[in-house]
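Below is one structure, written out as structure tokens; the observations come after it.
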Amino acid sequence: MISLAGRDILHSWGKFIFTGIGLGLLIGVTLIMAGVYRGMVDDGRVLLDNSGADLWVVQKDTLGPYAESSSLPDDWWRSFASLPGVMGASNVTYLTMQVKKGERDVRAMVVGIAQDGPTAAGWPPQLVAGRHITRSHYEAVADVASGFVLGDELKIRRNFYKVVGLTRRMVSSGGDPMIFIPLKDAQEAQFLKDNDAILMQRRRTEENPIFNRPNVPGLLEAVIESQIVNHSVNAVLVRIKPGYSAEEIATSVRRWNRLTVYTRQQMEQILIGKLIATSARQIAMFLVILAVVSAAIVAFIIYTLTMDKIREIAVLKLIGTRNWTISWMILQQALVLGCLGFVVGKITATFAAPYFPKYVLLMPFDSVIGFFAVVVICILSSIVAIRMALKVDPAEAIGG
Amino acid sequence: MAKQGIIIEGLSKQYGYGDTAFLALKNVNMHVAPGEVVGLIGPSGSGKSTLLKCLGAVIDPTAGRMTLGDEVIFDGAWHVKDLRALRRDKIGFVFQAPYLIPFLDVLDNVALLPMLAGVDNTTARKQALELLTALDVQHRASAMPSQLSGGEQQRVAIARGLVNRPPVILADEPTAPLDSVRALAVIRMLNDMAKRFETAVIVVTHDEKIIPTFKRIYHIRDGETHEEVGEGRALG
Ligand SMILES: Nc1ncnc2c1ncn2[C@@H]1O[C@H](COP(=O)(O)OP(=O)(O)O)[C@@H](O)[C@H]1O
Ligand SMILES: [Mg+2]
């Protein structure tokens, strides 16, 4: 027996190729969408991995520092660092903002890291070029995704920073490249008011008789100083010595009461379960729509191809072709279309992924799922055409 | 048991029931010997297609008896379970339009029938080529149907009708789209093939060009047939 489906496809290959490419682009978009989701999850995990922390200490009842804003006094870390089993505790600040270089500006997450040296939590674990920050002011380590190169002068708020080192895959959970600067600078960048605001506040303070008491010398100056200098950080990253349980140490830190502590698992749940949950649902919606559209395309094409063959199908039935042979012919065509679409889609996705601004992680598992989804969609969408073909009356071939 | 061609006895066919019932065939009697080509002639709506559909086992007769080759296929009810296999093995169909499968080349259009009957591809193609040669279209074996002329297509269709060596050929207006030279050529071929393969052939037609060629003709009117001796003009 010859393959009727194969012959038909060879005969009308143009239709199949064009539909296959169209379907393939749709499948490609679908795979990319799945990759965008995987990329977000991966960005989240990499963010947590690269922070080097085992525990995150944040402001009480907040989901900080990544999902919500959080603020802690910057002198608490000492108390955590002295707990048994704790290897180190470091202050850290995170602030997403526009970082300028000349005319250009880049959205980046500015990370303020304490001057504890490259082995401390919060510091970038690896550099691809240059060196770590060594001075306590105006040096920066930038992720290559920001487009900055060694020696660039960045402007963050009012100050200029020199790029001394580069990292790779250091991004926020939103996919923005990270730029590391010394903690003091970062605190200033985060909490610094502009000059006018400082002047206005100073004037208000001077006019306030509670602070401006001529018989208490130095009070006004102290108050003003405390208003300008900020002693807050967003979180304290705690590193635990090998052999100690993160959960146990978290419990003892929680005794402070005025803070919240998250372990690695909890942090991952916050990032994936809360921070990117809405995006994930958005992507899921798109996946559903794309699946429906793909199914509609396959169904429509297979339906029209079958419609065009009604006469031939009647003849095939009249000369003794089994229903099964005819159904199989239609199903095979749907499957060929699906496989063609999948191959085109997979190639498109693979080549297009690097051009997307955010990290797109194409997982082989998703491709396998995608392939089976395509097969199922093709089977389902050929049902309409098969039902129609089965209804064709062989008497139609004889005519009236 | 000797081959008997086609024997139709007391065949009737009623479309619909009750008020809408319509008797399209009324006690039709016909016989066509193996090797014989008879004409079935009648005005539009007289029941020609209904008769072919009954014989072709695509609609159910209401009453009567039909014998094809050496087998009673219908006697008040179908005597064969698998009507598809019956059509495939016992009946060759030739239509007004050739209805070739557009995506198969000429050879495979013909070879498809033995293939459907379970014959392997090589043997099926050999059989097909034999028939194409007999009908003098073997040189177009690898062409697609759309590349053939009308006459060539009809010859391929006849080859397809004959390839399984059925005891019966049912031809519905096989010459309608052809000019008289080609129409007569088709009838000559049907006659040659009928003799060669001992096939009983019924040709439904109202084509004046070919009516004189039949030795026997059945006239059908309002579902009733009567037999008539034809001119049986020699086919040059
Ligand atoms: N499926 C059907 N249902 C009801 N009446 C039919 C059907 N098919 C044919 N007829 C009627 O049966 C008669 C014979 O039709 P047909 O066999 O097609 O005639 P012919 O082929 O000689 O033109 C016509 O009157 C036609 O209207
Ligand atoms: Mg008719």
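Below, chains carry the letters A, B, ... as their sequence lines are ordered, and counting in each starts from 1.
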Beyond-backbone contact of A/His11 with B/Ile101, side-chain heavy atoms, under 4.5 angstrom: no
A/Leu4 portion near chain B, given a 4.5 angstrom heavy-atom threshold: both
Crowding at CZ, A/Phe286 (>12 non-hydrogen neighbours, <6.0 Å): no
Neighbour count above 12 (heavy atom, 6.0 Å) for A/Arg107 CZ: yes
Enclosure of B/His219 NE2 (heavy-atom neighbours >12, cutoff 6.0 Å): yes
Closest-packed option against chain A by number of heavy-atom pairs under 4.5 Å, given B/Ala85, B/Ala97, B/Ala111, B/Pro102: B/Pro102
Option in A/Gly320, A/Ser12, A/Ala314 with maximal non-hydrogen atom pairs under 4.5 Å from chain B: A/Gly320
Minimal non-hydrogen separation, B/Arg87 against A/Pro394, with atom names: NH2-CG, 4.1 Å
Closest non-hydrogen atom pair, B/Asp105 against A/Arg7: N-NH1, 4.5 Å
Contact origin within B/Pro114 toward chain A - heavy atom pairs under 4.5 Å: neither
Other residues, nucleotides, ligands: >12 heavy atoms within 6.0 Å of B/Arg165 CZ: yes
B/Tyr15, OH atom: more than 12 neighbouring heavy atoms under 6.0 Å: yes
Residue among A/Lys309, A/Glu312, A/Met1, A/Lys317 with most heavy-atom pairs under 4.5 Å to chain B: A/Met1
Residues, nucleotides or ligands: over 12 heavy atoms within 6.0 Å of A/Gln282 CD: no
Residue part contacting chain A, namely of B/Leu100, when any heavy atom lies under 4.5 Å: backbone
B/Asp75 CG: over 12 foreign heavy atoms closer than 6.0 Å: yes
Part of A/Arg311 within contact of chain B (heavy atom distance under 4.5 Å): side chain
Residue selection (most heavy-atom pairs with chain B, distance under 4.5 Å) from A/Leu318, A/Ile319, A/Val315: A/Leu318
Most chain A-contacting option - heavy-atom pairs closer than 4.5 Å, from B/Ile91, B/Leu104, B/Ile59: B/Leu104
Structural part of B/Phe93 lying under 4.5 Å from a heavy atom of chain A: side chain
Most contacts with chain A, counted as non-hydrogen pairs under 4.5 angstrom, among B/Leu112, B/Leu86, B/Thr50, B/Val119: B/Leu112
Interface moiety of B/Leu116 toward chain A, non-hydrogen atoms closer than 4.5 Å: both
Structural part of B/Asp89 lying under 4.5 Å from a heavy atom of chain A: neither
A/Asp308 portion near chain B, given a 4.5 angstrom heavy-atom threshold: neither
Main-chain N/O of A/Thr321 paired with B/Arg84 side-chain donor or acceptor, under 3.5 Å: yes
